[in-house]
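Computed over heavy atoms, backbone and side chain alike; hydrogens, waters and symmetry mates excluded. Proteins come first, then strands; the chains are lettered A, B, ... in the order of their sequence lines, and each starts at number 1.
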Number of protein chains: 2
Amino acid sequence: MTRTSRSSYHHGGLRQAVLDAALDVIAAEGPGALSLRDLARRAGVSHAAPAHHFKDRTGLLTALATEGYGLLAEALAAAPELRERGVRYVRFAVEHPAHFQVMFQPELLRADDPDLLAAKERASAELRAGVAGLTEVPDARTAGIAAWSLAHGFATLLLTHNVTGALGDRDPEEYFRSLTGLLFTGQLPPEQEGKRE
Amino acid sequence: MTRTSRSSYHHGGLRQAVLDAALDVIAAEGPGALSLRDLARRAGVSHAAPAHHFKDRTGLLTALATEGYGLLAEALAAAPELRERGVRYVRFAVEHPAHFQVMFQPELLRADDPDLLAAKERASAELRAGVAGLTEVPDARTAGIAAWSLAHGFATLLLTHNVTGALGDRDPEEYFRSLTGLLFTGQLPPEQEGKRE
DNA sequence: ACAGAATCTAGTCACTGACTAGATGGTGCT
DNA sequence: AGCACCATCTAGTCAGTGACTAGATTCTGT
């Protein structure tokens, strides 16, 4: 614990402590079970302390989503090509289920928050970059939506326990790789490299 | 209003009235904004009346999800082949966003509710039936997960306003049809109408 | 007609989010 | 060194909520 056992009036890292505790609660019981008072209790501060960092419940969730988009952008940035980007997307959802959940429930968030928008845009740029080099497909934009839909759908079904049966004991990422093999398959002559936009 | 203006002690159709009101609230503000007391107010009954139909909040949401799976099974049953089943899936999400949302948030539901499980199984069977006739693909099970992921992902991104830009003013269903063209591509004989079993 | 079941009312409890005023202590300015 | 500022935190309050209880009213089958 990095708890600074100082005078104990100022907590020191309350903001991050509350965010981290929130992740645990959400991963275990969903965003609906979030209670600012409970989080305050866990951090050992009074019930109104978190309000200074996140104005209200929505503010807390918006901060979480912002953090999530940042992590996603970071995860995607390192990937070399489209399929690997998809795999990273799925991995992100598996490793950060609470972030993922909150990011895609807009009614929980302050949609016009500037930090949120900026982080979202960074992640979005990474997604677009993934299909930029795609030449085997007529319309890159549509192909991007298809790839995103496939990855997002699989990730969502995974987190909601809707594919555990089909998965067996296989690794989700590996399974997803086999799914990507069914997208854009054998459609155009594979050597068509010429771009025409 | 089908309100039977009888003695006004018994509401008559309280169960369905509460379910319908809940759909409005969820579609507008998400499941988190649901309040049994508010629903009771809307129906003009005391704050504890809904508890007799749905034991608690979770019970209400479970009933909604059950209704949703029933509607989905119904919608899918009529579709002739896989691509059309996907389109119906997306259409279901667009036409019943509240149901769709609740169905895929397991932490809101009583997962072991027998009615829910039965309805889910009926919808699941329809999904499986969609890929049963797929012979152009090596592993029908995996192909089914791919198709489901694509449809589910697109539907989710649609409802969370993440593809409105790419969509422009095109009809979502029509756009989704073009996405399906990228899965298992170029291998479906367009006139394959032959049914088996 | 009547008994029992289903449906609804009314009251209560602990808990929550949002809000307020004020205490505390660190920071930078002079 | 002194001092004013300000972010952080405490403490108290309010209306609204879910869950629970006991009891009233109406419907149903016999």
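- A donor-acceptor contact closer than 3.5 angstrom is absent between the side chains of Asp38(B) and Ser35(B).
- Legend: residues meeting side-chain hydrogen bond (donor to acceptor under 3.5 Å, both in side chains) with Thr58(A), ordered by chain and number and at least two apart, are absent.
- Applying the ring-ring contact (aromatic ring centres under 6.0 Å, His included) test to Phe54(B) and every residue at least two apart in sequence or in another chain returns nothing.
- Residues passing the side-chain contact (heavy atoms from CB on, under 4.5 Å) test with Ala48(A), sequence neighbours excluded: Ser46(A).
- Partners of Leu117(B) by side-chain contact (heavy atoms from CB on, under 4.5 Å), not counting sequence neighbours: none found.
- Within residues 25-42 of chain A, the residues approached by DNA chain D to less than 4.0 Å at the level of any non-hydrogen atom are Arg37(A), in residue-number order.
- Taking a 4.0 Å limit (strictly below) on heavy-atom distances, residues 50-65 of chain A reaches DNA chain C at Asp56(A), Arg57(A).
- In this structure, the ring of Phe92(B) has its center less than 6.0 angstrom from the ring center of His96(B).
- Going from atom CZ of Arg15(A) over to atom C1' of dA7(D) covers 14 Å, rounded to whole Å.
- Nearest nucleotide to the His47(B) side chain, out of dT12(C), dA11(D), dT9(C): dT12(C).
- Without hydrogens or angle criteria, Gln101(B) side chain to Phe104(B) main chain gives no donor-acceptor distance under 3.5 Å.
- Looking at Thr62(B), its side chain does come within 3.5 Å of a backbone N or O of Arg110(B) through a donor-acceptor pair.
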